[in-house]
Amino acid sequence: MLTRKAYFAHGLRDGLPIALGYFAVAFALGIKATEAGMHPWQAALMSFLNVTSAGEAAGIALLGAGTTYFELGFTQLVINIRYLLMSCALSQKLSHKTGLLHRLLVGYGVTDEIFGISVSCEGNLSPYYSYGAICVAVPGWTLGTLLGAVMGELLPVRVVGALGVALYAMFIAIILPPARKSRVIAGIVAVSMLASAILSFICEKLSLTWFTEGFRIVALTVVISLIAAILFPVKNEEKEGEHNEA
């Protein structure tokens with residue numbers, strides 16, 4: 001049985017590579033935050049409280065477009081609801097003796113990457129392992145955003161625009177691997193891009209000002225995801241295989 005200190009050190013070690021990756025991505029996110037009119041401290045606080053690349057990127061885009069708080073909140077709910085499922089899964093790995101405060105703190109640091117290393121731990125998950133990973137991953141994400149936002153205010157506009165492309169490159173890097181393995185995913189990505197372009201064109205031509213960019217993102221996300229789930233359901237065998245690999 002490892003001590004709390006040993007669990008914490010193990011989490012620090014496993015979280016370090018995650019922190020390095022977070023820093024690079026968050027730097028580009030900070031630049032986009034500056035372009036949307038956010039101050040560096042606002043961007044850093046956003047990253048510290050949210051710790052979600054897709055959610056923050058969508059939020060920054062919506063803020064830059066002058067969206068409403070309702071659209072912003074609902075978009076975050078749709079994008080980040082997966083963390084609720086991840087937290088439920090991790091709660092099953094925690095000992096029944098783990099207190100509420102520990103569970104809340106672990107839940108705060110649940111990201112795709114931290115979930116991946118946490119769920120792979122043998123036996124019960126120690127909250128101190130999660131604390132170790134969080135203690136390096138979250139500062140890496142926050143400081144990356146802060147530095148990116150500061151540099152976004154200091155660097156020339158052309159340089160800022162060039163560096164801002166890195167965020168889109170990140171999402172392309174996320175999409176390409178699963179799209180290469182699955183024609184269904186590749187098709188869904190293509191349909192999503194085409195549907196977004198067509199819907200934006202229709203709204204502009206018909207002057208549908210009430211159907212803002214925020215509502216379009218939410219509508220397309222829900223509708224396309226629902227249709228894809230109905231037409232191309234994941235078989236139980238595939239789910240079991242993925243679980244065994246994890």
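Residue numbers count from 1 along this sequence.
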Linked, directly or transitively: [X] and [Y] (ILVMFWY side chains, under 4.5 Å):
X	Y	result
V110	L104	no
I230	F232	no
Y7	L101	yes
I224	L194	yes
L29	L63	yes

Tell me yes or no: between the side chains of S95 and N124, is some donor less than 3.5 Å from an acceptor?
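On atom types as modelled, these side chains do not qualify, holding no pair under 3.5 Å.
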Show the numbers, then the answer: is there a side-chain contact (heavy atoms from CB on, under 4.5 Å) between F8 and C135?
CA-CA 9 Å; F8 187 82; C135 280; 3.9 Å; yes
Taking [X] for the side chain and [Y] for the main chain, is one N or O donor matched with an acceptor at less than 3.5 Å?
X	Y	answer
E56	N50	no
S196	S192	no
T34	G30	yes
Q76	G55	yes
K93	C121	yes
S91	C88	yes
Q42	M38	no

Please evaluate residues L143 and L147 with respect to the criterion side-chain contact (heavy atoms from CB on, under 4.5 Å), reporting the C-alpha separation (whole Å), side-chain torsions for both, the decisive distance (0.1 Å), and the verdict.
CA-CA 6 Å; L143 292 177; L147 183 59; over 6 Å; no
Give the minimum heavy-atom separation between [X] and [Y], together with the two atoms involved.
X	Y	answer
V106	Y131	CG2-CE2, 4.2 Å
P40	A149	CA-CB, 3.7 Å
I60	A33	CD1-CB, 3.8 Å
I114	I117	O-CG1, 3.2 Å
A43	T145	O-CG2, 3.5 Å
T98	R103	O-NE, 3.2 Å

Taking the side chain as C-beta and beyond, is there a heavy-atom pair between R4 and S126 under 4.5 Å?
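No, their side chains stay 4.5 Å or more apart.
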Could you state the interatomic distance from [atom1] ([X]) to [atom2] ([Y]), rounded to the nearest 0.5 Å?
X	Y	atom1	atom2	answer
L125	L94	CG	CG	5.0 Å
M151	F27	CE	CZ	5.5 Å
Y69	L72	OH	CG	8.5 Å
H10	Y129	NE2	OH	5.0 Å
S200	L220	OG	CG	8.0 Å
T111	Y22	OG1	OH	2.5 Å

Looking at F74, I want to see if its CZ is surrounded by more than 12 non-hydrogen atoms of other residues, nucleotides or ligands under 6.0 Å.
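Not more than 12 within 6.0 Å, no.
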Which of parallel (below 30°), tilted (30 to 60°) and perpendicular (above 60°) describes F48 and Y108?
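F48 and Y108: tilted rings.
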Could you go through the side-chain contact (heavy atoms from CB on, under 4.5 Å) check for M86 and V119 one step at a time?
CA-CA 9 Å; M86 293 180 186; V119 79; over 6 Å; no
Is the distance between the ring centroids of Y128 and H102 under 6.0 Å?
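Close enough - the centres of the two rings lie under 6.0 Å apart.
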Between I198 and I202, does a side-chain contact (heavy atoms from CB on, under 4.5 Å) hold up when you go through it step by step?
CA-CA 6 Å; I198 292 175; I202 293 175; 3.8 Å; yes
Set of side chain to side chain contact (heavy atoms under 4.5 Å, CB included) partners for V189, sequence neighbours left out:
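For V189 the side chain to side chain contact (heavy atoms under 4.5 Å, CB included) partners, ignoring immediate neighbours, are I175, I185, M193.
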